[in-house]
Structure formats: C-alpha cells, structure tokens
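Step one of this worksheet: look at the structure below.
These figures come from a predicted structure and were not determined experimentally.
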Amino acid sequence: MKNRMLKFSLALIIILSLMLSVISVAFALGDVVYTDTRMLADNLELRNSISWHGTHGRTEHFALTMTGAGDARPIIMKGDTVFGTTRISSMVDIAQNRGFNVLAAVNADFFFPAHGGVPMGIVIEDGVYLSSPGGRNAVVFGDDGRVDVVSSPTVWKSLFNMGGNTQVNNEGQSVSLSQFNKPRTDLGGMVLYSEVFSTVSTRTASPGWYVRFRILEGVPSVSGTMMLEVVEASVSETAPAIGAGYLILTAAEASNLQHEFEKFAVGDRVRLTTSVTDSRLANARYATGGGYILVADGVRADPANWSNALRNRAPRTAIGVRADGSIIVMVVDGRNAEHSVGVTLDELTDEMLRQGAVFAVNFDGGGSSAMSVRVPGEGNATTISRPSDGSERGCATYLLFVTDATPGGPARNLGLRNNGVIVLAGSSVDLSLVATDAGYMPAGVPGDVQVTTQASDAHIDGLRFTAGSVAGADRLRLFSPSTGALGYGEVFVLNSPTSISVRRAGTTTPLTSVTASPGDILEFDVVASFYRRAVISQIHAFDFTVSGDIGEMIAPGVFQVAETIAQNGIIMVSAGNRSVNIAVEISGFADMTNHWARAYAEFLASAGITMGISPTEYGPEREMLRGDFILMLYRAAGAPAVDGSSGFHDVPEDAYFAQAMAWAESVGVVGGAGTGLFEPLAPLSRASAFTFTYRALSVIGIDVQSGTYEDLMPFPDADQVADFAVVPTATLIRLGIVEGSNGQLIPDSTLTRAQMAKVLSMVLQLS
C-alpha cells in the first residue's frame, strides 16, 4: 500500500506540473498551434500536437513521455518469430494474449524487406537474445529501468568443440561468429539460427553447409553459455526446418567455408559462449535496433554520414532519453499535404534537442511510423496516427508501454472521452466523462464527479462547459468526493478559427452569396475549423456585420431582408481575426409584395423560366400571351435543341418564341398548322393553357393518370369546357393544380401571368 501511495503521489505531482505548464510555442517544423494532453498511466503521458509552418504547412505529431518510476514500463517485442513482420494492432493483440496489459505501442527497428522482415538490429526480449545487432545502433532497456543508446554494439558467439565423436577428433576446434538469426547471404559468412527465427525453416535460398545442434543446457543470451550436441552435419540445396530445442549453424556453399563446418561431427559436444564488451548491453532486459543516432551526450550528431534517402521530409519515429532518465517517443505523420507533411532527420534532431533529449535515435519511418494507444475509457488500443500507406504496415519490432497494475475494482482515474475538443470562445460543449480502474481499464464513472476549470471566465454547469476568452488548453480538474477518483481533462479554447464556412440553415453547401426577396428571413449556420480540425461553436459566438441597405440581423444568425428591391450588400461573419463575406442581392418584383402568387413567380424566375415585364415588375394581372406560354413550357422542358421551324405562318423565324413553337409542334404540345395560324400574340384562354400544359406533362417527364369529365362535375360551369380541353382540365384538377376561380372554371377567360406562375410552378414540383 505504501508503494502504491508513493506512485499515486508521483502521478499527482506530474499532473499538477502539467497544469502549470504552458503550450510550447515552437516545433522543429513551425509553431505549435494545438495540443491535446492526457495521462495513460501515472507516469505515462500522451500528447497530440499540430504545428504549422508558413511554407511547408501542417504537421501532426504524437509524443509518449514516460517520467520516472510508476505503473508503466517499456518492453520490446518481436512477433511470434524473428522472420516476418507484424502490424501494430496485431502486435498489441499478441502482447495482450501473452498476458501484458498494453497502454501504448510504437514501431521500432528497421527491417530487411527482401528477407521476410527480419530486423536489421538487435532484439532482446525479456532477457532472451533473439537476433544479433548487425552493426546497427541499439536502444537498451535495463533491469534497473535505465534506458541507454549503444553505438554499433557487437555480440560475439564462439562455438568450442569439446569432442565426443570417436571416429573424428574435433576436440579443441572453435568457430567464432557474430550473426544470429539474420538473413544468410552467399558471401555473408556463417549464421546461427534458433527456433524463434522461423517455424518453417532457415529460409535460406541457396545450397549451403548445415550443422544441427541439440540444446542440452541454457538459452540464447548476450552473455552466457549453452551446452550443445551435434546431431546432424550436411550439405543441402533446400532450407531445413530448425525445430524446437535445436540450433542450426549454416553458411552458403559460395562462401567457401567448408573448412569451418568440418570442425563438427555428429556426436560432438559443443560449448556456445556469447559475450559482449558493453556492460549496458550485457545487463539488458530488452533491446531493439535503431537507425542513426541523432543526439549523443546532449550534442547534435554530425549528419555527414546520413543517407540521402533519409534526408527528405517524411513520417518519422524516434526515441529520446533525457538527463533524468525519462523517455520521450515521437511519431510524426507525413506524406499527406492535407494532414501532415512530416519532418526531415535534421528537423527531428532539432525537436529531440528541444524536448531535452541527451540521447536520441531514429526508428523506422515512412509507412512504418505508427502509434497505438489505449485511450482512457476504451478497452482496446487503437492506432491514433495516420500511417502514410493508408493502412498499417507490418514491421519488425515494437516498443510497447505496459503496466503490471492489476485491473479491477472501482474507478481510480478520471478523464474526458472528448479530451482535446476544440471550442470557440463563448461556445459550449457537453463533457463526456470516462473512468479507469487501478489497471487502467474502463470502470464505471462515479455519479458525483465535480468538474472545475482554471480559466477565470470559463463556466461549467454540471457537465456543460462554456469556454472563456483565454485561448489555449484549459485543463479541467475532475474529482469524485465519494470515491476519491481523480483526473484531469483538456478543452482547447479558440478565439480565432482558421476557417469559417457559412451555410443556409438545414443545408450543407457553403455559401458565398445569396439572392433574396424583399422581407425574406434568412437563417444561417456557421461551421468553423482550426487547422483542419472541427471546432465546436454556437451561432452566438460569431459576429455578424451588415453593410448596405439590405436589412438587419434580428437574432444571432437570423437576417431579415429589407422591403426594397435591386439592393446589394454584404453580411460579414467573423470570429476573432477570421471572417467570410456573404454577398446579398435583393431581387424580386415590386408589384409582387404581399401578392398571393409571389412565391410562384419567384420560383419560376429563379429557375430561369419566366422574367418580369421589367427588372422590377412582374405584371401579375396582365394577360398571358399564347406564344409566351409556349416559351415558358419550352424552358420548363429544359430548352432542348430543335431543328427547323414551326408550320405556322404567323410565327416569324426571328420571333423570340420561334424555337419554342417549333419544339411544341414537334412534340405534340400544339396541334398541326391546320389553318396555318397560331395567333402567338393573342391572349391565352384558360382552356388552352390547361390543354398545352397537359400535353407537355409527358414531355417534361411527368407520368400521370388522365382525368375524366367526372372531375369537372363540382364546378357549375363544367359544361362550358370545350371537348378538346375536358381531359386536360380534368387531369389538372385531379393533380390539384387547377382549383378554379371563385368556384368556377371559366375556361374561356384569359389566364393571367400570376395564374400561369402557379400552374407551371406546381407542374415542376411534380417532376
């Protein structure tokens, strides 16, 4: 219990120090503009950051910091075998199945793509030596919790023949080698394989010499001995299986090392001695290979020998060790201009120095870079970075942060499910609480959690947080008096978003201009983002400024258009120093104000089907002309191309309605020329209007059931409808388009422009 309290007190100190810290203002590539910090364990912090550079753009990066002793500890894991790669989510599953309580994971060493993903560097897993250093740098985790960077270590293996075969005296013969569980090449010398290399075979692709040893005593380690017995010595063109409890020594025939293999015969007893000169490696509990050393003894490494292939801006993974022994692991997304441009090795080195690293090594990057985290409140880890391949890439080794703390019991730690949510100053968001138990697994959230803020003008009502005016991460204290569960969350407060998009309420299309009619009420929604992250906001958090005699804001986001026409102006929507202008044009017809047909006329005008008799007048009570109505039907049909002209003598070829008349005749809207006259400039009777409309329905694409004379019966003047107009009129009555005038059909009276607007508008709304 005393140890647990010590760890818990340490966690409080760390968290309180986080509360007092300020957001870093610089990153290796640009300024840090956003951070989201949360504790994964009492000594393990996760920080997600976004930085911005005026030239290169956006970079998203993730950092895990393990600060001193506590519940979290680092381990290195390879997959089930040295040969083969494993995706990060699968590696977490493997670790969980082996009994580890995984908090986070990142990719580690580089690997040989052409050789099944064998790691290039050393692998030590829980004290067991799995693969040799291969001349690569190493990151070593000791039993005492110390983390060291070891430059290009070598682990030597010596096989000493103690004799045993009575026919061949090999006693005293010895062989030295350094390659263990690495790909065998034709000229690469001898390699020793253990069963953990592959369950299939040695994976060798050319003829070679093989000596199989049975393990009598010991396990592979970087410092120690094993006793072996030779059970087979052969030359083979195929790769033999290794098998549990055996080692295989091999070299390609092309390497001309036959004399080395002649030192062993079946029945010989052999002592395998493994040694390393670096004590840090000799005491390693875990180790992984790494790439270039970026920082050594607090000094930037000389990049002169860095490969040009690794100098470009790309996704990166790196580990750093501070003077106090704390670890910082970074994953930087890249190769995605919209999301993150990545960093160069030079910039990564700068960042490690800025983070206080006295030693730093880059791990495998590019599509391999990935970070998986069990976010507080979730039962499983998820990949929170964005691998540049678009999906997780199989990698060689992984650095995992695990805890030996036992899950179970009541809530101990509190947090926010929506931690890091971005809120515009003055706006509100509902906080979503999570809780974890002593083993950092999900637990029930106590019902009496109290939330307090450090911002003087922020407000919290229950779990409703209203942002104050101070920009930056507002750290909230979460506490349950009944259980003692404690934690912290963050809400990122903005004064100025980086993007504002205005939309008509209920729509999703961004708005830059709007055409309105006198007296209209326009309701707006505003969507904001911050460096491509969504921002929580309410309409009252934005300022609306009106320029021009176009109307006024009558409520937040609600604009009433002035009772005038032919006016233009601007509505500027702003928050902080970001704004967007909406151009407003008041159109419409002065003689349609408060007219029953106003909506119909404006609908047809907006659709380009009809125009007013002048820019400001519609002429609703004017008689509709026959030729004009055909033109309206033609436009309603989409103004299709038509060849030739109509057969009517009184329709000049240069008349504005000539093409419409040719179309109407070709599709049967109007009858044949007959007498050769159409009288296009004569007033249009209601009966003719109903007939032309009925004939146009199928052309426009409206399939209806025709009406009958019975549909006319409710009207006292039904007998006045000419035979040619009975079915058309009845059909429009059945469709609800024709309702009569003062209870009568008055088929021979002239159709007004207002009545025409209603008929065509209702027809178009059927399509």
Side-chain angles (χ1 to χ4, degrees), residues 1-23 35-48 65-72 101 103 373-379 403 405-423 427-468 470 472-493 536:
M1 176 63 73
K2 193 174 290 185
N3 184 43
R4 172 61 65 187
M5 291 304 296
L6 177 62
K7 291 181 178 180
F8 192 62
S9 298
L10 176 63
L12 287 179
I13 293 171
I14 293 169
I15 294 172
L16 288 172
S17 67
L18 289 174
M19 289 183 65
L20 298 175
S21 65
V22 295
I23 296 173
T35 61
D36 169 17
T37 304
R38 63 182 79 193
M39 298 302 293
L40 304 182
D42 59 357
N43 62 334
L44 185 62
E45 170 198 290
L46 167 67
R47 175 171 289 194
N48 170 216
T65 303
M66 198 183 81
T67 51
D71 287 336
N101 187 348
L103 300 170
V373 169
R374 190 173 75 211
V375 176
E378 298 296 327
T403 179
T406 304
R412 176 188 169 199
N413 315 290
L414 300 175
L416 295 180
R417 188 178 304 279
N418 53 347
N419 200 82
V421 63
I422 304 175
V423 182
S427 294
S428 302
V429 63
D430 290 323
L431 304 176
S432 178
L433 299 178
V434 296
T436 59
D437 59 23
Y440 302 98
M441 294 299 288
V445 178
D448 62 343
V449 175
Q450 300 171 355
V451 184
T452 55
T453 173
Q454 63 179 356
S456 59
D457 58 347
H459 178 69
I460 297 177
D461 183 7
L463 294 179
R464 184 74 171 174
F465 172 87
T466 301
V470 179
D474 185 358
R475 290 188 174 89
L476 310 179
R477 182 178 185 270
L478 316 174
F479 178 67
S480 165
S482 65
T483 65
L486 175 67
Y488 293 85
E490 283 190 353
V491 175
F492 197 88
V493 178
I536 300 296

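One finds the CE atom of Met39 at 7.0 Å from the CG atom of Leu44 (value rounded to the nearest 0.5 Å). Taking OG1 from Thr35 and CG from Asn48, the interatomic distance works out to 8.5 Å, rounded to the nearest 0.5 Å. Taken to the nearest 0.5 Å, the CG atom of Leu46 stands 6.5 Å off from the CZ atom of Arg38. In this structure, the separation between CG on Leu414 and OG1 on Thr436 is 8.0 Å, given to the nearest 0.5 Å.
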Checking side-chain contact (heavy atoms from CB on, under 4.5 Å) for the pair Asp461/Thr466: CA distance, chi angles, key distance, verdict?
-> CA-CA 8 Å; Asp461 183 7; Thr466 301; over 6 Å; no
From CA spacing to verdict: side-chain contact (heavy atoms from CB on, under 4.5 Å), Asn101, Met441 = CA-CA 9 Å; Asn101 187 348; Met441 294 299 288; 4.2 Å; yes
Could you walk me through whether Val493 and Val470 pass the side-chain contact (heavy atoms from CB on, under 4.5 Å) check?
-> CA-CA 7 Å; Val493 178; Val470 179; over 6 Å; no
Under the side-chain contact (heavy atoms from CB on, under 4.5 Å) rule, what do Leu476 and Asp474 come out as? Steps first, then yes or no, please.
-> CA-CA 6 Å; Leu476 310 179; Asp474 185 358; 3.9 Å; yes
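Taking all atoms of both residues into account, the shortest heavy-atom contact from Leu103 to Ala72 is CD1-CB, 3.8 Å. Contact record, Ala405 with Ala438: CB-O, 3.3 Å, taken as the closest heavy-atom pair. Across Pro410 and Ala443, no two heavy atoms sit closer than the pair C-CB, 4.4 Å. Here the shortest heavy-atom pairing between Ala435 and Pro446 reads CB-CD, 4.5 Å.
Between Arg412 and Thr483, every side-chain heavy-atom pair lies at or beyond the 4.5 Å cut-off. Taking the side chain as every heavy atom from C-beta outward, Leu431 and Val491 approach each other to under 4.5 Å. Using a 4.5 Å heavy-atom cutoff, the side chains of Asp71 and Tyr440 are in contact. Ile460 places none of its side-chain heavy atoms less than 4.5 Å from the side chain of Thr452. Under the 4.5 Å side-chain criterion, counting only non-hydrogen atoms from C-beta, Phe465 is not in contact with Val421. Taking the side chain as every heavy atom from C-beta outward, Leu416 and Leu478 approach each other to under 4.5 Å.
At distances below 3.5 Å, at least one donor-acceptor pair connects side-chain atoms of Asn419 with backbone N or O atoms of Thr37. In this structure a side-chain-to-backbone donor-acceptor pair under 3.5 Å is missing from Glu490 to Ala473. Asp457 places no side-chain N or O within 3.5 Å of a backbone atom of Gly468 that could act as its donor or acceptor partner.
Listed by first and then second residue, the salt bridge (charged side-chain N to carboxylate O under 4.0 Å, His left out) pairs that reach into residues 432-450 come to none, sequence neighbours excluded.
Shown here are the salt bridge (charged side-chain N to carboxylate O under 4.0 Å, His left out) partners of Asp430, two or more places apart in sequence or in another chain: Arg464.
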